[in-house]
Amino acid sequence: MQIEKIIVRRMKMRMKTPFTTSFGTMIDKHFLLLEAIDELGNRGWGESVAFDAPWYTEETVDTNFHIIKDFLVPILFNCHIEHPDDVSERFSPIRRNNMAKAAVEGAIWDAYAKRNRMTLAEALGGKRKRIEVGISIGIQGSLSDLISIVQKYIDEGYKRIKVKIKPDADIEVLKQLRKAFPDVPLMADANSSYSLADAEKLKQLDSLDLLMIEQPLAHDDIIDHAKLQKMIQTPICLDESITSLEDARKAIEIGSAGVINIKIGRVGGLTEAKKIHDICFEHGIPVWCGGMLEAGVGRAHNIALTTLPNFILPGDTAGSSRYWDQDIIQPEVVVEDGYISVPTAFGIGYEPNIEMVEKFTTGIWQFNRNDFIS
Ligand SMILES: O=C(O)CCC(=O)C1=CC=C[C@@H](O)[C@@H]1C(=O)O
Ligand SMILES: [Mg+2]
(Lines give C-alpha, C1' and ligand atoms only; values in the text may rest on other atoms or scores of the structure.)
(Ligands and ions follow the chains in the order given, each with its own letter.)
Protein backbone atom coordinates (compact mmCIF):
# COMPACT_ATOMS: atom_id res chain seq x y z
CA MET A 1 0.00 0.00 0.00
CA GLN A 2 1.39 3.39 -1.01
CA ILE A 3 -0.02 6.65 0.30
CA GLU A 4 -0.12 9.12 -2.60
CA LYS A 5 -1.88 12.09 -1.10
CA ILE A 6 -2.65 13.53 2.34
CA ILE A 7 -5.21 16.28 2.86
CA VAL A 8 -5.16 18.11 6.19
CA ARG A 9 -8.04 20.33 7.24
CA ARG A 10 -8.08 22.63 10.24
CA MET A 11 -11.57 22.48 11.72
CA LYS A 12 -13.59 24.53 14.17
CA MET A 13 -16.89 23.25 15.53
CA ARG A 14 -19.10 24.96 18.10
CA MET A 15 -19.97 22.61 20.95
CA LYS A 16 -23.65 22.24 21.74
CA THR A 17 -22.89 22.89 25.38
CA PRO A 18 -19.50 24.14 26.63
CA PHE A 19 -17.38 21.50 28.39
CA THR A 20 -15.78 22.65 31.66
CA THR A 21 -12.86 20.93 33.38
CA SER A 22 -10.51 22.06 36.14
CA PHE A 23 -8.43 23.61 33.31
CA GLY A 24 -11.11 25.80 31.79
CA THR A 25 -14.13 25.81 29.50
CA MET A 26 -14.15 24.63 25.90
CA ILE A 27 -16.71 26.40 23.73
CA ASP A 28 -15.33 25.58 20.29
CA LYS A 29 -13.54 22.41 19.41
CA HIS A 30 -10.52 22.97 17.15
CA PHE A 31 -8.96 19.94 15.51
CA LEU A 32 -7.30 18.55 12.40
CA LEU A 33 -9.13 16.25 10.03
CA LEU A 34 -6.97 14.10 7.77
CA GLU A 35 -7.56 12.20 4.57
CA ALA A 36 -5.00 9.67 3.32
CA ILE A 37 -5.43 8.47 -0.26
CA ASP A 38 -3.64 5.35 -1.50
CA GLU A 39 -2.47 4.43 -5.02
CA LEU A 40 -5.81 2.68 -5.69
CA GLY A 41 -7.87 5.70 -4.65
CA ASN A 42 -9.00 4.38 -1.25
CA ARG A 43 -9.63 7.29 1.08
CA GLY A 44 -9.00 6.90 4.79
CA TRP A 45 -10.01 9.44 7.44
CA GLY A 46 -8.28 10.36 10.67
CA GLU A 47 -8.85 12.99 13.36
CA SER A 48 -6.27 14.61 15.58
CA VAL A 49 -7.55 14.89 19.14
CA ALA A 50 -5.11 17.51 20.44
CA PHE A 51 -6.84 20.55 21.88
CA ASP A 52 -5.97 24.14 20.99
CA ALA A 53 -4.05 24.61 24.26
CA PRO A 54 -1.64 22.17 25.98
CA TRP A 55 -3.55 21.52 29.22
CA TYR A 56 -4.40 17.86 28.82
CA THR A 57 -1.10 16.90 27.23
CA GLU A 58 1.72 18.95 25.74
CA GLU A 59 0.32 18.69 22.19
CA THR A 60 -1.87 21.28 20.47
CA VAL A 61 -3.61 21.57 17.10
CA ASP A 62 -0.71 23.69 15.85
CA THR A 63 2.06 21.40 17.13
CA ASN A 64 0.20 18.52 15.47
CA PHE A 65 0.11 20.41 12.19
CA HIS A 66 3.84 21.14 12.36
CA ILE A 67 4.76 17.52 13.16
CA ILE A 68 2.45 16.10 10.51
CA LYS A 69 3.55 18.49 7.76
CA ASP A 70 7.28 18.60 8.48
CA PHE A 71 7.99 15.08 9.73
CA LEU A 72 5.24 12.46 9.41
CA VAL A 73 4.09 13.19 5.84
CA PRO A 74 7.65 13.06 4.45
CA ILE A 75 8.28 9.74 6.25
CA LEU A 76 5.03 8.30 4.95
CA PHE A 77 5.63 9.28 1.34
CA ASN A 78 9.02 7.62 1.41
CA CYS A 79 7.94 4.22 2.66
CA HIS A 80 5.81 1.29 1.58
CA ILE A 81 3.21 -0.04 3.99
CA GLU A 82 2.22 -3.69 4.12
CA HIS A 83 -0.01 -3.23 7.13
CA PRO A 84 -1.01 -0.20 9.28
CA ASP A 85 1.09 -1.67 12.11
CA ASP A 86 4.12 -0.61 10.03
CA VAL A 87 3.20 3.06 10.43
CA SER A 88 4.01 3.40 14.13
CA GLU A 89 7.29 1.61 13.46
CA ARG A 90 8.16 4.15 10.73
CA PHE A 91 7.19 7.04 13.00
CA SER A 92 9.19 5.74 15.96
CA PRO A 93 12.27 7.96 15.31
CA ILE A 94 9.99 10.93 16.11
CA ARG A 95 9.71 11.26 19.89
CA ARG A 96 6.21 11.32 21.38
CA ASN A 97 3.83 13.71 19.52
CA ASN A 98 1.40 10.84 19.87
CA MET A 99 -1.75 12.67 18.81
CA ALA A 100 -0.12 13.80 15.57
CA LYS A 101 1.02 10.23 14.86
CA ALA A 102 -2.37 8.75 15.75
CA ALA A 103 -4.21 11.10 13.37
CA VAL A 104 -2.11 9.96 10.39
CA GLU A 105 -2.05 6.31 11.43
CA GLY A 106 -5.84 6.36 11.93
CA ALA A 107 -6.40 7.58 8.37
CA ILE A 108 -4.19 4.75 7.10
CA TRP A 109 -6.04 2.12 9.16
CA ASP A 110 -9.29 3.33 7.59
CA ALA A 111 -7.84 3.26 4.04
CA TYR A 112 -6.37 -0.20 4.71
CA ALA A 113 -9.68 -1.60 5.95
CA LYS A 114 -11.52 -0.15 2.91
CA ARG A 115 -8.87 -1.51 0.57
CA ASN A 116 -9.34 -4.97 2.06
CA ARG A 117 -13.12 -4.65 2.10
CA MET A 118 -13.56 -5.03 5.82
CA THR A 119 -14.70 -2.91 8.70
CA LEU A 120 -12.11 -1.14 10.82
CA ALA A 121 -13.32 -3.24 13.76
CA GLU A 122 -12.60 -6.43 11.79
CA ALA A 123 -9.21 -5.11 10.70
CA LEU A 124 -8.37 -4.63 14.39
CA GLY A 125 -9.67 -8.07 15.33
CA GLY A 126 -12.75 -6.80 17.17
CA LYS A 127 -15.83 -8.97 17.40
CA ARG A 128 -18.50 -6.99 19.23
CA LYS A 129 -21.58 -5.95 17.25
CA ARG A 130 -22.52 -3.24 19.72
CA ILE A 131 -20.61 -1.40 22.42
CA GLU A 132 -21.82 -0.28 25.82
CA VAL A 133 -21.21 3.39 26.53
CA GLY A 134 -21.15 5.86 29.37
CA ILE A 135 -20.94 9.61 29.49
CA SER A 136 -18.46 12.13 30.86
CA ILE A 137 -20.00 15.24 32.35
CA GLY A 138 -18.03 18.46 32.71
CA ILE A 139 -18.02 20.60 35.85
CA GLN A 140 -21.45 22.22 36.37
CA GLY A 141 -22.39 25.54 37.97
CA SER A 142 -24.23 23.97 40.91
CA LEU A 143 -25.04 20.62 42.48
CA SER A 144 -28.65 20.84 41.36
CA ASP A 145 -27.52 21.45 37.75
CA LEU A 146 -25.26 18.42 38.03
CA ILE A 147 -28.03 16.22 39.42
CA SER A 148 -30.44 17.23 36.69
CA ILE A 149 -27.89 16.66 33.94
CA VAL A 150 -27.01 13.23 35.33
CA GLN A 151 -30.73 12.40 35.38
CA LYS A 152 -31.08 13.52 31.76
CA TYR A 153 -28.28 11.20 30.61
CA ILE A 154 -29.56 8.27 32.66
CA ASP A 155 -32.94 8.82 31.00
CA GLU A 156 -31.17 8.72 27.62
CA GLY A 157 -29.86 5.28 28.58
CA TYR A 158 -26.18 5.90 29.37
CA LYS A 159 -24.81 3.00 31.40
CA ARG A 160 -22.16 4.78 33.42
CA ILE A 161 -21.76 8.32 34.68
CA LYS A 162 -18.38 10.01 34.97
CA VAL A 163 -18.05 13.35 36.69
CA LYS A 164 -15.10 15.63 37.14
CA ILE A 165 -13.75 16.37 40.59
CA LYS A 166 -11.16 18.80 41.93
CA PRO A 167 -9.90 19.53 45.45
CA ASP A 168 -12.55 22.14 46.26
CA ALA A 169 -15.45 20.14 44.77
CA ASP A 170 -15.09 16.44 45.42
CA ILE A 171 -16.26 14.26 48.34
CA GLU A 172 -19.36 16.27 49.19
CA VAL A 173 -20.44 16.47 45.54
CA LEU A 174 -19.97 12.73 45.11
CA LYS A 175 -21.84 11.98 48.35
CA GLN A 176 -24.81 14.00 47.14
CA LEU A 177 -24.71 12.33 43.76
CA ARG A 178 -24.57 8.90 45.34
CA LYS A 179 -27.53 9.82 47.53
CA ALA A 180 -29.52 10.98 44.49
CA PHE A 181 -28.51 7.94 42.37
CA PRO A 182 -27.85 5.02 44.75
CA ASP A 183 -27.52 2.36 42.06
CA VAL A 184 -25.91 4.16 39.14
CA PRO A 185 -22.43 3.02 38.05
CA LEU A 186 -20.54 6.17 38.97
CA MET A 187 -16.92 7.26 38.67
CA ALA A 188 -14.88 10.44 39.07
CA ASP A 189 -12.05 11.89 36.98
CA ALA A 190 -9.61 14.13 38.85
CA ASN A 191 -7.37 15.02 35.88
CA SER A 192 -4.26 15.01 38.11
CA SER A 193 -5.51 17.54 40.64
CA TYR A 194 -4.31 15.74 43.81
CA SER A 195 -1.03 14.64 45.35
CA LEU A 196 -0.16 11.80 47.69
CA ALA A 197 -0.63 14.23 50.58
CA ASP A 198 -4.37 14.01 49.83
CA ALA A 199 -4.48 10.24 50.46
CA GLU A 200 -6.56 10.56 53.65
CA LYS A 201 -9.17 12.60 51.82
CA LEU A 202 -9.20 10.21 48.87
CA LYS A 203 -9.80 7.29 51.25
CA GLN A 204 -13.26 8.74 51.82
CA LEU A 205 -14.15 7.72 48.28
CA ASP A 206 -14.19 4.10 49.41
CA SER A 207 -17.56 4.48 51.09
CA LEU A 208 -19.18 5.74 47.86
CA ASP A 209 -19.01 2.55 45.81
CA LEU A 210 -17.37 4.22 42.83
CA LEU A 211 -16.39 2.12 39.83
CA MET A 212 -13.02 3.86 39.90
CA ILE A 213 -11.19 7.13 40.39
CA GLU A 214 -9.49 8.32 37.21
CA GLN A 215 -6.03 9.91 37.24
CA PRO A 216 -6.01 11.35 40.76
CA LEU A 217 -2.26 12.16 40.81
CA ALA A 218 0.29 13.75 38.49
CA HIS A 219 -0.13 13.35 34.73
CA ASP A 220 3.25 11.66 34.36
CA ASP A 221 3.27 9.58 37.54
CA ILE A 222 2.98 5.87 38.17
CA ILE A 223 4.96 5.54 41.42
CA ASP A 224 2.69 7.60 43.68
CA HIS A 225 -0.37 6.05 42.08
CA ALA A 226 0.97 2.63 43.12
CA LYS A 227 1.40 3.91 46.69
CA LEU A 228 -2.09 5.42 46.67
CA GLN A 229 -3.66 2.25 45.27
CA LYS A 230 -2.33 0.39 48.34
CA MET A 231 -4.04 2.93 50.60
CA ILE A 232 -7.48 3.06 48.98
CA GLN A 233 -9.90 0.36 47.85
CA THR A 234 -11.47 2.28 44.99
CA PRO A 235 -9.71 1.10 41.83
CA ILE A 236 -7.40 3.69 40.29
CA CYS A 237 -7.79 4.19 36.54
CA LEU A 238 -4.86 5.72 34.70
CA ASP A 239 -5.49 8.10 31.81
CA GLU A 240 -2.79 10.78 31.28
CA SER A 241 0.02 8.59 32.74
CA ILE A 242 -0.27 5.91 30.05
CA THR A 243 1.23 7.07 26.77
CA SER A 244 2.65 3.77 25.50
CA LEU A 245 2.78 0.01 25.90
CA GLU A 246 5.90 0.47 28.03
CA ASP A 247 4.07 2.81 30.40
CA ALA A 248 1.27 0.25 30.71
CA ARG A 249 3.72 -2.58 31.36
CA LYS A 250 5.45 -0.64 34.13
CA ALA A 251 2.20 0.57 35.71
CA ILE A 252 0.85 -2.99 35.78
CA GLU A 253 4.13 -4.33 37.19
CA ILE A 254 4.14 -1.94 40.15
CA GLY A 255 0.38 -1.96 40.74
CA SER A 256 -0.40 1.66 39.86
CA ALA A 257 -3.82 0.92 38.40
CA GLY A 258 -6.74 -1.48 38.56
CA VAL A 259 -8.13 -0.12 35.29
CA ILE A 260 -6.68 1.65 32.24
CA ASN A 261 -8.42 4.21 30.05
CA ILE A 262 -7.13 3.86 26.48
CA LYS A 263 -7.27 6.95 24.27
CA ILE A 264 -6.01 6.32 20.75
CA GLY A 265 -4.46 9.78 20.41
CA ARG A 266 -2.75 9.76 23.80
CA VAL A 267 -0.94 6.47 23.03
CA GLY A 268 0.07 7.26 19.43
CA GLY A 269 -2.47 5.28 17.44
CA LEU A 270 -4.56 2.16 17.06
CA THR A 271 -1.59 -0.22 16.86
CA GLU A 272 -0.25 0.90 20.24
CA ALA A 273 -3.79 1.02 21.67
CA LYS A 274 -4.28 -2.60 20.67
CA LYS A 275 -0.97 -3.60 22.28
CA ILE A 276 -2.00 -1.89 25.53
CA HIS A 277 -5.36 -3.63 25.33
CA ASP A 278 -3.58 -6.98 24.94
CA ILE A 279 -1.14 -6.56 27.84
CA CYS A 280 -3.98 -5.44 30.11
CA PHE A 281 -6.00 -8.49 29.03
CA GLU A 282 -3.10 -10.81 29.90
CA HIS A 283 -2.89 -9.27 33.37
CA GLY A 284 -6.60 -9.11 34.14
CA ILE A 285 -6.73 -5.30 33.99
CA PRO A 286 -10.00 -4.17 32.36
CA VAL A 287 -9.85 -1.25 29.94
CA TRP A 288 -12.29 1.28 28.52
CA CYS A 289 -12.08 3.78 25.71
CA GLY A 290 -11.65 7.39 26.76
CA GLY A 291 -12.90 10.35 24.77
CA MET A 292 -11.43 13.67 23.64
CA LEU A 293 -14.70 15.35 22.66
CA GLU A 294 -14.16 14.00 19.17
CA ALA A 295 -16.13 14.81 16.07
CA GLY A 296 -17.51 11.88 14.07
CA VAL A 297 -14.32 10.55 12.53
CA GLY A 298 -12.48 10.23 15.84
CA ARG A 299 -15.62 8.81 17.43
CA ALA A 300 -15.83 6.14 14.70
CA HIS A 301 -12.24 5.07 15.46
CA ASN A 302 -13.11 4.81 19.16
CA ILE A 303 -16.12 2.62 18.38
CA ALA A 304 -14.03 0.24 16.28
CA LEU A 305 -11.37 -0.06 19.00
CA THR A 306 -13.99 -0.76 21.65
CA THR A 307 -15.04 -3.96 19.84
CA LEU A 308 -11.92 -5.67 21.24
CA PRO A 309 -12.68 -8.15 24.06
CA ASN A 310 -11.03 -6.47 27.05
CA PHE A 311 -13.08 -3.27 26.65
CA ILE A 312 -15.21 -4.56 29.49
CA LEU A 313 -16.22 -1.25 31.05
CA PRO A 314 -18.42 1.34 29.31
CA GLY A 315 -16.30 4.12 27.77
CA ASP A 316 -16.77 7.85 27.18
CA THR A 317 -17.89 7.45 23.54
CA ALA A 318 -21.25 9.21 23.67
CA GLY A 319 -23.59 9.90 20.73
CA SER A 320 -22.93 12.74 18.25
CA SER A 321 -25.91 14.72 19.57
CA ARG A 322 -24.28 15.06 22.99
CA TYR A 323 -21.62 17.31 21.43
CA TRP A 324 -22.84 18.73 18.10
CA ASP A 325 -25.90 20.22 16.47
CA GLN A 326 -24.65 18.46 13.38
CA ASP A 327 -21.74 16.03 13.18
CA ILE A 328 -19.36 15.65 10.21
CA ILE A 329 -20.36 12.05 9.49
CA GLN A 330 -23.47 10.33 8.23
CA PRO A 331 -25.25 8.60 9.74
CA GLU A 332 -24.39 10.26 13.06
CA VAL A 333 -23.40 8.15 16.07
CA VAL A 334 -26.55 7.19 17.93
CA VAL A 335 -26.84 5.74 21.43
CA GLU A 336 -29.83 3.52 22.12
CA ASP A 337 -30.42 2.17 25.59
CA GLY A 338 -26.75 2.75 26.39
CA TYR A 339 -25.37 0.98 23.31
CA ILE A 340 -23.89 2.05 19.99
CA SER A 341 -24.32 -0.43 17.13
CA VAL A 342 -20.99 -1.02 15.41
CA PRO A 343 -21.34 0.08 11.77
CA THR A 344 -21.08 -2.60 9.10
CA ALA A 345 -19.82 -0.53 6.15
CA PHE A 346 -16.13 -0.93 5.28
CA GLY A 347 -13.48 1.12 7.07
CA ILE A 348 -14.67 3.42 9.85
CA GLY A 349 -18.21 2.61 8.71
CA TYR A 350 -19.53 6.18 8.55
CA GLU A 351 -19.38 8.49 5.53
CA PRO A 352 -17.95 11.97 6.02
CA ASN A 353 -20.70 14.52 5.45
CA ILE A 354 -18.78 16.66 2.97
CA GLU A 355 -21.13 19.63 3.29
CA MET A 356 -20.54 19.72 7.05
CA VAL A 357 -16.81 19.06 6.66
CA GLU A 358 -16.57 22.08 4.35
CA LYS A 359 -18.72 24.21 6.61
CA PHE A 360 -16.38 23.71 9.58
CA THR A 361 -13.07 23.89 7.65
CA THR A 362 -10.96 26.95 8.43
CA GLY A 363 -7.85 25.89 6.48
CA ILE A 364 -6.90 23.15 4.03
CA TRP A 365 -3.51 21.79 2.92
CA GLN A 366 -2.79 19.11 0.36
CA PHE A 367 0.41 17.08 0.21
CA ASN A 368 1.28 14.97 -2.87
CA ARG A 369 3.81 12.17 -2.79
CA ASN A 370 5.44 13.34 -6.03
CA ASP A 371 6.60 16.52 -4.31
CA PHE A 372 8.25 14.58 -1.47
CA ILE A 373 9.99 11.49 -2.82
CA SER A 374 13.71 11.66 -2.25
O1 LIG B 1 -15.11 12.74 24.91
C2 LIG B 1 -15.70 12.77 26.00
O3 LIG B 1 -16.92 12.88 26.11
C4 LIG B 1 -14.89 12.66 27.27
C5 LIG B 1 -14.30 13.95 27.62
C6 LIG B 1 -13.46 13.87 28.86
O7 LIG B 1 -13.93 13.42 29.89
C8 LIG B 1 -12.14 14.36 28.81
C9 LIG B 1 -11.60 14.84 27.65
C10 LIG B 1 -10.38 15.51 27.68
C11 LIG B 1 -9.77 15.81 28.83
C12 LIG B 1 -10.45 15.61 30.08
O13 LIG B 1 -11.19 16.72 30.41
C14 LIG B 1 -11.35 14.39 30.04
C15 LIG B 1 -10.56 13.17 30.41
O16 LIG B 1 -9.53 13.34 31.04
O17 LIG B 1 -10.93 12.03 30.13
MG1 LIG C 1 -9.43 11.48 32.11
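Atoms considered below: every heavy atom in the structure, side chains included; atoms not considered: hydrogens, waters and symmetry mates. Whatever order the structure lists ligands and atoms in, that order sets their numbers, starting from 1.
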**Q** Can you check whether Gly125's main-chain N or O pairs, donor with acceptor, with Glu122's side chain at less than 3.5 Å?
**A**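 It does not hold such a pair.
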
**Q** List the residues meeting ring pair (Phe, Tyr, Trp, His ring centres under 6.0 Å) with Trp45, not counting sequence neighbours, and say none if there are none.
**A**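 Not a single residue meets the ring pair (Phe, Tyr, Trp, His ring centres under 6.0 Å) criterion with Trp45.
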
**Q** What does the 4.0 Å heavy-atom contact list look like for ligand 1?
**A** Phe19, Thr21, Phe51, Trp55, Tyr56, Ser136, Lys162, Lys164, Asp189, Asn191, Glu214, Asp239, Lys263, Gly291, Met292, Leu293, Asp316, Tyr323

**Q** Mind checking salt bridge (Lys or Arg N to Asp or Glu O under 4.0 Å) for Glu336 and listing every partner two or more places apart, or none if nothing turns up?
**A** none

**Q** Is it true that a side-chain atom of Tyr112 and a backbone atom of Gly347 form a donor plus acceptor pair closer than 3.5 Å?
**A** no

**Q** Of all N, O or S atoms in Asp189, identify the one at the shortest distance from the Mg ion (ligand 2).
**A** OD2

**Q** Given the side-chain rings of His83 and Trp109, with only the six-membered ring counted for Trp, is the space between their centroids under 6.0 Å?
**A**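 Yes.
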
**Q** Decide, counting backbone as well as side-chain atoms, whether Asp239 has an N, O or S atom less than 2.8 Å from the Mg ion (ligand 2).
**A** yes

**Q** Name of the Glu214 N, O or S atom nearest the Mg ion (ligand 2)?
**A** OE2

**Q** Closer than 4.0 angstrom, basic N to acidic O: yes or no for Arg249 and Glu246?
**A** yes

**Q** Run the ring pair (Phe, Tyr, Trp, His ring centres under 6.0 Å) test against Phe181 and tell me which residues pass, sequence neighbours left out.
**A** none

